[in-house]
Amino acid sequence: MAATQLKPCLVLLLTFSLLAFASAISRNRIKSLNQIKEVNRKGPYIGLITVIATEEDAFFASGSFKPDPKFPFIDLSGRRFRFGVVRGRKVVYVRCGEGMTNAVAATQQMVDLFDIKGIIHFGIAGNTNNSMSIGDVTIPNQIAHTGLWEWLNTNGTLDSADVAQLEIGDYNVPKGNGTNLLGHIGYMEEEYYSVAGEPNVAESLFWANISLQWLQLASNLEGMKLEQCVNSSLCLTEKPKLVVGLRASTSNIFLDNAAYRDFLFQKFGVSSADMESAGVAMNDGMWMQTSLSNGYPVIVIRGLSDLAGNQEGDNVVSKFGGLAAVNSVKAVLGFIRNLPPITR
């Protein structure tokens with residue numbers, strides 16, 4: 001067959017293939033929408049969001065999650081949303097993945113598609129407060145996105161609206177030796193849009209306030225027993241504690257640097273650092289990039305897995321991450337048990 005005769009055949013074959021592919025996508029979309037309608041009839045739900053497999057493993061290993069027998073999960077946009085019951089409360093659970101983009105996308109998808117009445121975000125975080133220890137659990141009352149910067153030259157002028165400034169040259173060794181061409185960094189406020197505000201009008205916001213009613217419920221968890229040992233041969237030197245009401249920092253940075261750790265604590269008074277909490281929380285309507293802007297109560301529960309760079313040698317997250325995740329799950333289960341009945 002001549003090449004000129006082959007071309008129309010290839011075009012026709014490609015067209016049929018694309019139509020079949022589009023049809024399959026359409027059928028899957030319709031199926032997912034029907035499943036979403038079905039699960040929402042069983043709601044409302046509390047949303048549960050973790051980040052990494054270590055946290056998810058600790059949650060499922062607790063045995064507290066009882067899957068829905070008819071709709072145990074729905075796969076959407078590469079994520080698996082699981083439906084079930086925890087401590088008598090109907091829940092939707094998802095693992096969002098690392099970083100702000102994943103946190104925002106998964107949370108917004110959850111609140112857009114499902115009948116959600118509040119979100120509990122939990123997992124592990126780095127410890128930036130010397131009065132806290134690995135294994136401790138923190139439930140912050142405020143969270144800031146500390147990764148929104150304007151990075152200026154050495155002679156640049158910071159915006160007067162910036163919340164704080166980091167002079168990179170202050171960290172020269174020896175101190176004050178020469179000019180650091182990395183200049184300085186200004187910490188900017190978020191442009192925050194919410195269901196409570198005027199359309200298309202942003203509010204400047206740096207600190208996100210966690211839902212007060214849920215924080216009061218969480219305060220009842222202080223003094224709860226947490227796990228101290230990874231195994232029979234590896235234990236923490238002190239019994240872990242749960243603390244409610246500290247501050248937390250979020251940015252798209254895995255923090256493992258003692259100097260920057262100390263800067264964050266001294267400048268902002270934060271006790272933990274992670275890569276997702278602000279992205280989840282601002283999305284619900286009280287802030288937290290997804291939760292607060294949509295008008296839902298939200299709480300963040302993080303177990304401290306490492307010292308965020310304030311250690312000698314390598315980071316210990318691989319050693320104590322699992323323990324920190326287990327302790328965050330214990331706190332989550334205690335919090336869910338204390339929640340009042342959820343109604344439509």
Side-chain angles (χ1 to χ4, degrees), residues 49-51 55 103 119-147 163-164 187 190 205-226 236 238-251 253-255 258 260-282 284 286-289 291-292 297-311 317 320-321 323-332 334-335 338:
I49 301 176
T50 62
V51 178
E55 301 158 351
I119 288 182
I120 303 170
H121 174 50
F122 62 102
I124 63 177
N127 173 21
T128 58
N129 182 345
N130 288 333
S131 69
M132 301 288 283
S133 302
I134 291 174
D136 290 352
V137 173
T138 175
I139 303 180
N141 64 351
Q142 289 186 311
I143 301 179
H145 178 197
T146 55
V163 177
Y187 289 76
E190 287 277 355
L205 186 66
F206 188 74
W207 290 108
N209 294 311
I210 299 300
S211 312
L212 181 59
Q213 183 181 8
W214 277 21
L215 276 176
Q216 290 171 341
L217 282 175
S219 66
N220 296 323
L221 301 175
E222 291 186 317
M224 74 178 298
K225 184 179 179 181
L226 299 171
L236 300 169
E238 298 180 5
K239 290 183 179 180
K241 60 185 177 295
L242 183 148
V243 181
V244 178
L246 302 175
R247 283 178 164 181
S249 160
T250 293
S251 65
I253 302 167
F254 179 81
L255 178 54
Y260 190 60
R261 171 191 190 268
D262 292 344
F263 169 82
L264 285 177
F265 179 73
Q266 292 164 13
K267 185 64 67 174
F268 301 113
V270 297
S271 295
S272 60
D274 65 66
M275 298 168 61
E276 299 81 22
S277 292
V280 174
M282 285 185 185
D284 252 40
M286 284 147 167
W287 193 55
M288 306 244 275
Q289 201 155 321
S291 301
L292 298 178
V298 63
I299 198 163
V300 171
I301 300 174
R302 291 270 186 164
L304 301 181
S305 59
D306 60 273
L307 299 176
N310 200 40
Q311 75 281 338
V317 64
F320 293 109
L323 176 65
V326 166
N327 283 344
S328 73
V329 169
K330 290 175 73 74
V332 168
F335 180 78
N338 292 337

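Quick caveat: nothing in here was measured; it's all calculated off a predicted structure.
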* **Test item: Ile139 and Ile299 side chains (from C-beta on) under 4.5 Å apart, heavy atoms** => yes

* Rounded to the nearest 0.5 Å, what separation is found between the CZ atom of Phe206 and the OG1 atom of Thr146? -> 6.5 Å

* What's the shortest heavy-atom distance between Phe122 and Ser328, and which atoms? -> CD1-OG, 4.1 Å

* To do: Indicate the atoms forming the closest heavy-atom contact of Ala278 with Thr250, along with that distance.
  => N-OG1, 3.1 Å

* Closest heavy-atom contact between Gly334 and Leu221? -> C-CD2, 3.6 Å

* How about Glu222: does its CD atom have over 12 heavy atoms from other parts shown lying under 6.0 Å from it? -> yes

* **Arg302 and Asn127: side chain donor to acceptor below 3.5 Å** => no

* Does CD in Gln311 sit with more than 12 non-hydrogen atoms of other residues, nucleotides or ligands closer than 6.0 Å? -> yes

* Taking the side chain as every heavy atom from C-beta outward, state whether Phe265 and Asn130 have any atom pair closer than 4.5 Å. => no

* **Chi angles and distances behind the side-chain contact (heavy atoms from CB on, under 4.5 Å) call for Phe254, Met275** => CA-CA 7 Å; Phe254 179 81; Met275 298 168 61; 4.2 Å; yes

* Is there a donor-acceptor contact under 3.5 Å from the side chain of Thr128 to the main chain of Arg261? -> no

* Check whether any side-chain N or O of His121 sits under 3.5 Å from a backbone N or O of Val300 as a donor-acceptor pair, and report yes or no. => no

* Asked: Do the non-hydrogen side-chain atoms of Ile124 and Phe320 ever get within less than 4.5 Å of each other?
  -> no

* Of all residues at least two apart in sequence or in a different chain, which pass the salt bridge (Lys or Arg N to Asp or Glu O under 4.0 Å) check with Asp306? -> none

* To do: Measure the acute angle between the ring planes of Trp207 and Phe268, then classify it against the limits of 30° and 60° as parallel, tilted or perpendicular.
  => perpendicular

* What residues, two or more places apart in sequence or in another chain, satisfy side chain to side chain contact (heavy atoms under 4.5 Å, CB included) together with Asp262? -> Gln266

* Asked: Do Asp136 and Val243 touch side chain to side chain, with heavy atoms closer than 4.5 Å?
  -> no

* Asked: Got a sec, which residues hit side chain to side chain contact (heavy atoms under 4.5 Å, CB included) with Ser272, two or more places apart in sequence or on another chain?
  -> Ala125, Thr138, Ala248, Leu304

* Asked: Quick one: are Met132 and Leu246 in side-chain contact, heavy atoms under 4.5 Å?
  -> yes

* With no hydrogens and no angle check, is any side-chain donor or acceptor of Asn310 less than 3.5 Å from a backbone partner on Leu307? -> no

* Rounded distance (nearest 0.5 Å) linking atom CG of Leu217 with atom CG of Leu212 -> 10.0 Å

